[in-house]
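Some notes on the structure that comes next.
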2 protein chains.
Amino acid sequence: MILDSETKAVELPEDHGNELRLWLRLLTCTTLIEGEVRSRLREGFDVTLPRFDLMAQLDKVPEGMTLSDVSKRMMVSNGNVTGLVERLVESGHLDRRTSDTDRRVQVIRLTKAGRAEFRKMATEHESWIADLFADLGPKDVRELMRLLAKTKASAQKSAQKRAGIA
Amino acid sequence: MILDSETKAVELPEDHGNELRLWLRLLTCTTLIEGEVRSRLREGFDVTLPRFDLMAQLDKVPEGMTLSDVSKRMMVSNGNVTGLVERLVESGHLDRRTSDTDRRVQVIRLTKAGRAEFRKMATEHESWIADLFADLGPKDVRELMRLLAKTKASAQKSAQKRAGIA
DNA sequence: CCCAGTTGCTTTAAGGTTCAAACAATTGGC
DNA sequence: GCCAATTGTTTGAACCTTAAAGCAACTGGG
């Protein structure tokens with residue numbers, strides 16, 4: 001903070017260039033890897049990334065989840081999930097039923113076929129990721145994990161702060 | 001590599017869980033920050049992130065760029081850029097003209113109004129980013145930059161390798 | 001019981017995104 | 001100069017995405 005001649009706080013344009021460069025690099029990495037995964041999924045299994053992601057969420061919870069749960073976990077809008085689920089039910093990957101205790105709630109699960117299909121994809125997917133990160137040693141991986149955890153916490157805090165204001 | 005009793009190479013399912021977890025964390029960070037930037041841009045300036053990104057590319061090059069250049073820099077498809085530019089020309093932010101030397105080529109630039117609008121947004125944008133990364137010290141930032149550079153190189157190498165095969 | 005508020009999901013409108021196919025213009029080999 | 005290959009852009013179909021509005025069902029205080 002800098003004080004001017006009348007001792008009032010003055011906002012000088014501070015230099016945040018490093019953070020900006022960091023953000024752009026983070027974004028580039030993610031875009032690069034995501035694009036690669038996207039096209040390998042398409043070529044190998046003729047499936048889109050959002051479909052794969054949704055199935056990945058469901059694979060972790062055999063008893064199924066509600067649409068809202070999925071929406072929160074995937075960090076996408078409710079309406080988005082509705083459409084995605086629609087197409088996956090259509091293609092036989094998902095099973096969808098109305099909850100017994102709350103008729104608003106839709107519970108979705110992988111079908112047997114859906115689960116089998118997903119497992120096949122997941123195995124390859126994991127090896128693609130390993131390959132994409134191949135040049136990072138175990139120490140690099142650990143250190144990145146640590147720093148990204150810190151980044152996530154920082155961003156959440158900032159988002160939270162703003163949510164309080166707005 | 002593990003060799004079985006008949007001395008043939010055997011593929012065992014290796015554990016790539018750490019890389020996978022790293023990727024998911026990277027993705028979470030990016031999604032979180034990107035979503036935050038997206039909604040601040042919307043609320044503050046009623047502009048979408050892709051429009052902002054496109055204008056950011058053009059701001060760096062006053063003499064303008066071709067659509068292909070933009071497409072490569074933004075890592076999005078050509079068709080995508082066509083539509084984006086269309087809307088930004090429509091709204092008066094961009095100027096578009098056919099190249100004198102190659103009539104296939106469209107050169108786009110920020111208009112005066114577009115540039116002014118962008119500069120306003122960019123200033124705030126930079127401070128949002130700084131705030132989102134606020135809990136990272138200078139050392140963290142440097143270290144993350146280093147590790148992400150390594151990650152980018154690794155991913156590019158892997159993508160390159162695959163492009164050669166396919 | 002009732003109704004106001006909340007919650008879960010769907011719909012709509014607008015835009016973003018991709019891939020593949022089509023088109024237009026340029027370039028290079030001959 | 002011609003024609004094949006390449007390059008730059010646009011178009012079309014399908015899908016993804018969001019925000020906002022709307023509908024349906026549940027909940028709790030009175």
Side-chain angles (χ1 to χ4, degrees), chain A residues 27 30-32 34-55 64-91 93-94 96-108 163 166, chain B residues 30-32 34-55 64-91 93-94 96-108 166:
Chain A
L27 189 54
T30 301
T31 304
L32 185 60
E34 192 173 321
E36 197 58 25
V37 170
R38 192 185 298 275
S39 73
R40 293 187 197 196
L41 277 175
R42 162 179 286 273
E43 289 180 21
F45 302 100
D46 193 32
V47 76
T48 65
L49 184 51
R51 277 159 149 96
F52 177 80
D53 286 343
L54 176 38
M55 292 173 82
M65 326 173 47
T66 70
L67 297 203
S68 298
D69 289 341
V70 174
S71 167
K72 279 179 203 106
R73 294 243 210 157
M74 291 181 73
M75 301 197 277
V76 301
S77 67
N78 280 347
N80 192 349
V81 174
T82 294
L84 221 36
V85 167
E86 214 158 66
R87 288 181 286 269
L88 279 168
V89 169
E90 173 68 25
S91 64
H93 293 90
L94 259 52
R96 162 199 222 147
R97 32 192 292 286
T98 303
S99 162
D100 296 327
T101 58
D102 185 336
R103 273 177 302 168
R104 290 169 305 180
V105 176
Q106 303 286 319
V107 179
I108 55 175
Chain B
T30 301
T31 304
L32 184 59
E34 193 174 319
E36 198 57 25
V37 169
R38 193 185 297 275
S39 72
R40 294 187 195 196
L41 277 175
R42 160 179 288 273
E43 287 179 22
F45 302 100
D46 193 31
V47 75
T48 65
L49 184 52
R51 276 158 149 98
F52 177 81
D53 286 342
L54 176 39
M55 293 173 81
M65 325 173 46
T66 70
L67 296 203
S68 297
D69 288 342
V70 174
S71 167
K72 278 179 203 108
R73 294 243 211 157
M74 292 181 71
M75 300 197 276
V76 299
S77 67
N78 281 346
N80 191 350
V81 173
T82 295
L84 221 36
V85 166
E86 214 158 66
R87 288 181 287 268
L88 279 167
V89 168
E90 173 68 25
S91 64
H93 293 90
L94 259 54
R96 164 200 220 144
R97 33 193 291 287
T98 302
S99 162
D100 296 327
T101 57
D102 186 335
R103 275 177 303 169
R104 289 169 307 178
V105 176
Q106 303 286 319
V107 178
I108 55 174

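Below, chain A is the first sequence line, B the second, and so on; all start at residue 1. Every value quoted in this text rests on a predicted model; they were computed, and no experiment measured them.
- Heavy-atom contacts of chain B under 4.0 Å fall on DNA chain D between two terminal nucleotides, which in 5' to 3' order are dT7(D) to dA19(D).
- A side-chain contact (heavy atoms from CB on, under 4.5 Å) with R51(B) is found for one member of V47(B), L49(B), L54(B) and no other, namely V47(B).
- The side chain of R104(B) places no N or O atom within less than 4.0 Å of a non-bridging phosphate oxygen (OP1 or OP2) of dT27(C).
- Of all heavy-atom pairs between S77(B) and S71(B), the closest is C-OG, 3.8 Å.
- Summarising the geometry, atom CG belonging to L67(A) is positioned 11.5 Å from atom CG belonging to N80(A); distances are rounded to the nearest 0.5 Å.
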- Reading nucleotides 13-20 of chain C 5' to 3', which nucleotides get B (base under 4.0 Å from a protein heavy atom), which S (sugar-phosphate only), which -? --SSSBS-
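- Rounding to whole angstrom units, CZ of residue R97(A) and P of dG8(C) are separated by 18 Å.
- At a threshold of 4.0 angstrom between heavy atoms, the contacts of S71(A) with the nucleic acid are absent.
- Across P50(A) and R38(A), no two heavy atoms sit closer than the pair CD-NH1, 4.4 Å.
- L27(A) is listed as a side-chain neighbour of T30(B), based on a closest heavy-atom distance under 4.5 Å.
- The CD atom of E36(A) sits 10.5 Å away from the CG atom of L41(A) when rounded to the nearest 0.5 Å.
- Comparing D102(A) and D102(B), the nucleotide of DNA chain D nearest to each residue sits closer to the 5' end for D102(B).
- Between the side chains of S99(A) and D102(A), no donor-acceptor pair of N or O atoms lies under 3.5 Å.
- In this structure, M75(B) and L32(A) approach most closely via the heavy-atom pair CE-N, 4.5 Å.
- As judged by a 4.0 angstrom heavy-atom cut-off over every strand, T82(A) is placed among the base-contacting residues.
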